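This report concerns only the one structure given below.
It should be emphasised that the depicted structure is a prediction, and the values quoted were computed from it without experimental measurement. Whatever order the structure lists ligands and atoms in, that order sets their numbers, starting from 1.
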Amino acid sequence: MFEPTILSIDTSCDETSAAVTSGRRVLSNVISSQVNLHKKYGGVYPALAKRAHLERIDAVVNEAFKRAGRLLPLSAVAVTQGPGLAIALEVGIKKAKEISLEHNLPLISVNHMEGHIYSTLSQNKNGNPKREVVFPTLCLLVSGGHTQLVFMKAHGEFELIGETLDDACGEALDKAAKILKLGYPGGPIIERLSQRGKPVFPFGRPLKERTDLNFSYSGLKTQFLYLVESLNEKDFGKNIANLAASFQEAAFEQLTRKTSFAIKIYQPKTLLCGGGVIANQYLRSLLRKLGKKEKVPVFFPPTNKLIGDNAAMIGVAAYFKFQRKEFSNPESLDRLPRLSF
Ligand code: KG4
Ligand code: ZN
């Protein structure tokens, strides 16, 4: 079977990334992280991100070709159109257009969140893992900017069935770490700290009375702030791991509760889980348990590099768009910072 070779680019946030994929197989996936640049601001500083993308994009693309060990012919160029930071997206789109026009290649624009879904179907050079998605499928996307449940009846058919009404789950974990005066990004720090603690502090269950599939994290964050402020220095010091574990437990309880609702309503045959927070081993164990109980196979991205923002996931999503001949016009393609399903 002909499998198109695609160069893909993602500059949606604070990673400059380029990859070469062939079908679902990842031949290279170069990620230049800017985390150290943004650390001192406790979040992503857009103008700095844009400058760093501009400085790095050419080298990252060249490195992606080099590591793939394969020169042209390419079949297409793919790029993240949104959602993301407007001035950051712009850098990747400009580069993709240049390559597309110079080599007369079709251009494929990809929704970044669609990329997080397709990260679960990525394979290594040898075509492993061989897993196949069975439709209908449910997707749980948990990142720094999004918390979403998406229902898919087929490739390319996305129905947004739940999302956060306020903060995203990853954003809430980042804020909780800030409240504990720890570093950025907070998710991995909260995970590590939680392993030494117990969820002894009770939290309200957000949206407890609601049977819809939406999420809310701003209330948890406020409760956490008040809780931390109510402790004296000694109790705070003694309980820091317990505080992290309690917040993490509450944040993930909501994810599994809503995903469980969605499984009951939509009866999916597979559950695909993507986005930066899916790196969390405890969250994975909860989702695996849920899948077992509901008899739904659960897929995570097969490697850590495919979990956070990366271009290979954009290339894999683009492969399915290539098969449907969903191409964009390189003269007119524009960034869509608020693009949704
Ligand atoms: O998908 P992603 O890399 O970027 C966005 O598109 O937002 O997600 C980043 C988010 C951050 O909020 C970060 O704290 C969180 O993912 N994260 C984690 C872990 N690793 C990254 N959250 C919990 N546990 C982790 N191990
Ligand atoms: Zn992302």
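- Heavy-atom distances between Cys13 and ligand 1 stay at or above 4.0 Å for every pair.
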Throw together a table of side-chain donor-acceptor distances under 3.5 angstrom for residues 288-295, partners on residues two or more places apart or in other chains.
from   : atom 1 : to     : atom 2 : distance (Å)
Glu294 : OE2    : Lys264 : NZ     : 2.9

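- For Tyr226, the OH atom sits in a loose shell: 12 or fewer heavy atoms of surrounding residues, nucleotides or ligands are nearer than 6.0 Å.
- Looking only at heavy atoms of the protein, atom 7 (O) of ligand 1 is closest to Gly144 N, 2.8 Å.
- Considering only non-hydrogen protein atoms, atom 24 (N) of ligand 1 sits nearest to Asn280 ND2, 3.1 Å.
- For the residues Ser119, Gly187, Pro185, the heavy atom positioned nearest atom 23 (C) of ligand 1 is part of Gly187.
- Residue Asp174 touches ligand 1 through its side chain alone, judged by heavy-atom distances below 4.0 Å.
- At a heavy-atom distance under 4.0 Å, no atom of His146 approaches ligand 1.
- Checking Thr137 against Thr270 by side-chain atom types alone, a donor-acceptor pair falls below 3.5 Å.
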Return a table of donor-acceptor pairs under 3.5 angstrom between the side chains of residues 302-314 and protein atoms on other chains or two or more places apart.
from   : atom 1 : to     : atom 2 : distance (Å)
Lys305 : NZ     : Asn29  : O      : 2.6
Asp309 : OD1    : His112 : NE2    : 3.0
Asp309 : OD1    : His116 : NE2    : 3.1
Asn310 : OD1    : Asn29  : ND2    : 3.4
Asn310 : OD1    : Ala312 : N      : 3.1
Asn310 : OD1    : Met313 : N      : 3.0
Asn310 : ND2    : Leu306 : O      : 3.3
Asn310 : ND2    : Gly308 : O      : 2.9

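- Rounded to the nearest 0.5 Å, atoms CD (Gln195) and CD1 (Ile190) are 12.0 Å apart.
- With a 4.0 Å heavy-atom cut-off, ligand 1 is reached by the side chain of His112 but not by its N, CA, C or O.
- Taking distance alone, with nitrogen or oxygen atoms compared against 3.5 Å, Phe252 stays at or beyond that limit from ligand 1.
- The backbone N or O of Leu105 sits less than 3.5 Å from a side-chain atom of Ser100, completing a donor-acceptor pair.
- The protein heavy-atom contact nearest to atom 1 (O) of ligand 1 is Gly276 N, 3.0 Å.
- Around the Zn ion (ligand 2), the protein N, O or S atoms found under 2.8 Å comprise His112 NE2, His116 NE2, Asp309 OD1.
- At a heavy-atom cutoff of 4.0 Å, ligand 1 is contacted by no atom of Ile190, backbone or side chain.
- For atom 15 (C) of ligand 1, the closest heavy atom belonging to the protein is Val277 CG2, 3.8 Å.
- Side-chain atoms of Thr80 do not come within 3.5 Å of backbone N or O of Gly82 as any donor-acceptor pair.
- Taking any N or O of Gly170, backbone or side chain, at least one lies under 3.5 Å from an N or O belonging to ligand 1.
- Taken to the nearest 0.5 Å, the CZ atom of Arg51 stands 8.5 Å off from the CG atom of Leu37.
- Every heavy atom of Gln281 sits 4.0 Å or more from the atoms of ligand 1.
- Remark: the Thr16 side chain and the His53 side chain contain an N/O donor-acceptor pair separated by less than 3.5 Å.
- The aromatic rings of Phe151 and Tyr266 are tilted relative to each other, their planes meeting at an angle between 30° and 60°.
- Close N/O approach between Ile307 and ligand 1 is not found [any backbone or side-chain N/O within under 3.5 Å].
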Run Gln34 and Arg56 through side-chain contact (heavy atoms from CB on, under 4.5 Å) and show every step you take. CA-CA 10 Å; Gln34 305 173 10; Arg56 299 171 186 200; 3.7 Å; yes
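- Listed by chain and residue number, Tyr118, His155 satisfy the ring-ring contact (aromatic ring centres under 6.0 Å, His included) test with Phe320 (two or more places apart in sequence, or in another chain).
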